[in-house]
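Note sheet for the following structure.
Quick note on labels: first sequence line is chain A, next is B, and so on, each numbered from 1.
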Protein chains: 2
Amino acid sequence: MGATKTANFTDNQNAIATLAKALGHPARVAIIEYLMKVDTCICGDIVNELPLAQPTVSQHLKELKNAGLIKGSIEGTSICYCIDEKAIEQLQHYFAIITNNLTNKKNNCC
Amino acid sequence: MGATKTANFTDNQNAIATLAKALGHPARVAIIEYLMKVDTCICGDIVNELPLAQPTVSQHLKELKNAGLIKGSIEGTSICYCIDEKAIEQLQHYFAIITNNLTNKKNNCC
DNA sequence: TTTTAATATTGCAATATTAAAATATAAAAT
DNA sequence: ATTTTATATTTTAATATTGCAATATTAAAA
């Protein structure tokens, strides 16, 4: 097939998967790290930071935006992209829950 | 193309992307949540928990294992799968760094 | 040693992703 | 008005993923 059976999972499972998937490419991780690093968020030079062509970077940015990891607004010829903190916090919180749950159980059988 | 230019990114970027990618499918998120939920980790019944055929589940487990998110050891006919806590902690820590970095900067321009 | 039960592997069709060249758009600068 | 600059979109090609049927493996049970 190739099409994910999205409907068969919970909304939260799909939400986490969507966020994780968006970070499932080193270029998009690199973009997030660059957005974190720069003070200003007029980010026209992301292309120069990455070993990828401009259309490819643009596409990666689109995916990050679709997934809700970054937000952006138009500023003349350049676009202002920022990390959407809520999404990162959502991920952090999710993994914190798992970590807590595991340390409580201490089932080190593997 | 379609092949990711892995070599052009840092080891850490690739590591995070690998972990994130493995969680980039709701079935694999569901598997992690199931492993978290059960006390014992003799998890032969993951297949019954998911709306997917056994080979598909097996494949998803393999991907989680390759990415280092779960570990498993053979126990007779059944396999003992567990979450690899280190991987989850690595993710949590990574997102914590980003969150901290952002709240320090307070660049709410988007 | 055959059966059974649990899991893995293989092969393949359907679909998705990745990358970039070519092209488009749209605002700022000349 | 034309050029430049920055970004997006479209198209095309290569590759990867998803899902499952069929089959294989493996070890315990009968």
For this session: For DNA chain D, produce a single dot-bracket line, 5' to 3'. Pairs: Watson-Crick or G-U wobble, both distances under 3.5 Å. Symbols: ( ) within strand, [ ] crossing, | other strand, . unpaired.
Result: ||||||||||||||||||||||||||||||
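Nucleotide D/dC20 holds its P atom 11 Å from the CD atom of B/Gln54, rounded to whole Å. Note: CG (B/Leu52) to P (C/dT7) measures 15 Å, nearest angstrom. In this entry the distance linking CD1 of A/Ile79 with P of D/dT9 reads 9 Å, nearest Å.
When the nearest nucleotides of DNA chain C are assigned to A/Pro55 and A/His60 by heavy-atom distance, the more 5′-ward of the two goes with A/His60. Both A/Lys21 and A/Ser58 lie near DNA chain D, and the one whose nearest nucleotide falls closer to the 5' end is A/Ser58. Of the two residues near DNA chain D, A/Thr56 and B/Ala27, the one whose nearest nucleotide lies more 5' is A/Thr56.
Using bins of under 30°, 30° to 60° and over 60° for the plane-to-plane angle, the ring pair B/Phe9/A/His25 lands in the perpendicular bin. Between A/Phe95 and B/Phe95, the ring planes are parallel. Angles under 30° get that label, and only those over 60° would be called perpendicular.
Applying the 6.0 Å contact sphere to CG of A/Asn48 captures more than 12 heavy atoms from other residues, nucleotides or ligands.
Taken from CE in A/Met36 to CD in A/Glu85, the straight-line distance is 12.0 Å, to the nearest 0.5 Å. One distance of note links CD of B/Gln13 with CG of B/Asn8; it measures 10.5 Å at 0.5 Å rounding.
Looking at A/Leu64, A/Leu35, A/Leu69 one by one, the single match for side-chain contact (heavy atoms from CB on, under 4.5 Å) with A/Ile83 turns out to be A/Leu35.
At the heavy-atom level, B/Glu63 lies under 4.0 Å from the strands shown only through sugar-phosphate atoms.
The phosphate of C/dA6 has neither OP1 nor OP2 within less than 4.0 Å of any side-chain N or O from B/Tyr81.
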